[in-house]
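Contents: one structure, followed by commentary.
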Amino acid sequence: MTGSDKDPRVVELRSAVSRLRRELAAHPPEFRDRDIAEEELAALDAMAAGGSPEIPRLRRSLLLIAGAIGSVSALHQGLTQVRRAVDLFAEPPRG
C-alpha cells in the first residue's frame with residue numbers, strides 16, 4: 001500500500017477512473033473525442049497516484065472528460081462515479 005492509498009478519496013478516485021477506463025475501452029470507437037477522454041482519464045489517475053491532486057486540475061480534467069464522452073449514454077454511470085470521486089476532494093479528508 002502506497003502513501004496515497006491511505007486517503008480514501010484517492011482510493012475512490014483511482015477506482016472510479018479505472019472503471020470508466022475499462023468501460024471506455026470496451027465501448028466501440030465511434031466517437032471523435034475518445035482520445036481526449038483517454039488522455040484525461042490517464043491524467044486523473046496519475047494525479048491520484050501522486051497522492052494529493054490539485055482540485056482545479058481535477059475539475060478541469062473532469063470537464064474535458066464530460067465534454068468528450070458526455071453524449072455517450074453507455075458511459076454515463078462511469079462518468080458520474082468519476083465526478084463524485086472528484087467532488088470528494090472539495091470536502092475535508094475523512095479520518
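The figures here come from the full heavy-atom set of this structure, side chains too, leaving out hydrogens, waters and symmetry mates. Please read all numbers here as calculations on a predicted model, not as lab measurements.
Going from atom CD1 of Ile65 over to atom CD1 of Ile36 covers 11.0 Å, rounded to the nearest 0.5 Å.
Test Leu20, Asp33, Leu64 against Ile69 for side chain to side chain contact (heavy atoms under 4.5 Å, CB included) and you get one pass: Leu20.
Clustering ILVMFWY residues whenever any of their side-chain heavy atoms sit less than 4.5 angstrom apart, transitively, puts Leu63 in a cluster other than the one holding Ile55.
Here the side chains of Arg21 and Asp45 are in contact, with some heavy-atom distance below 4.5 Å.
Closest heavy-atom contact between Leu75 and Leu24: CD1-CD1, 3.7 Å.
Within the structure, salt bridge (charged side-chain N to carboxylate O under 4.0 Å, His left out) pairs that include any residue of residues 76-86 comprise Arg83-Asp87 (at least two apart or interchain).
Partners of Ser15 by side-chain contact (heavy atoms from CB on, under 4.5 Å), not counting sequence neighbours, listed by chain and number: Arg19. Among residues two or more places apart in sequence or in another chain, the ring pair (Phe, Tyr, Trp, His ring centres under 6.0 Å) test is passed with His27 by Phe31. Residues satisfying the salt bridge (charged side-chain N to carboxylate O under 4.0 Å, His left out) test with Arg34, not counting sequence neighbours, are Glu38. Applying the side-chain contact (heavy atoms from CB on, under 4.5 Å) criterion to Glu39, with sequence neighbours excluded, gives Asp35. Residues passing the side-chain contact (heavy atoms from CB on, under 4.5 Å) test with Gln77, sequence neighbours excluded: Gln81. For the salt bridge (charged side-chain N to carboxylate O under 4.0 Å, His left out) test, residues two or more places apart in sequence or in another chain that qualify with Arg57 are Glu40.
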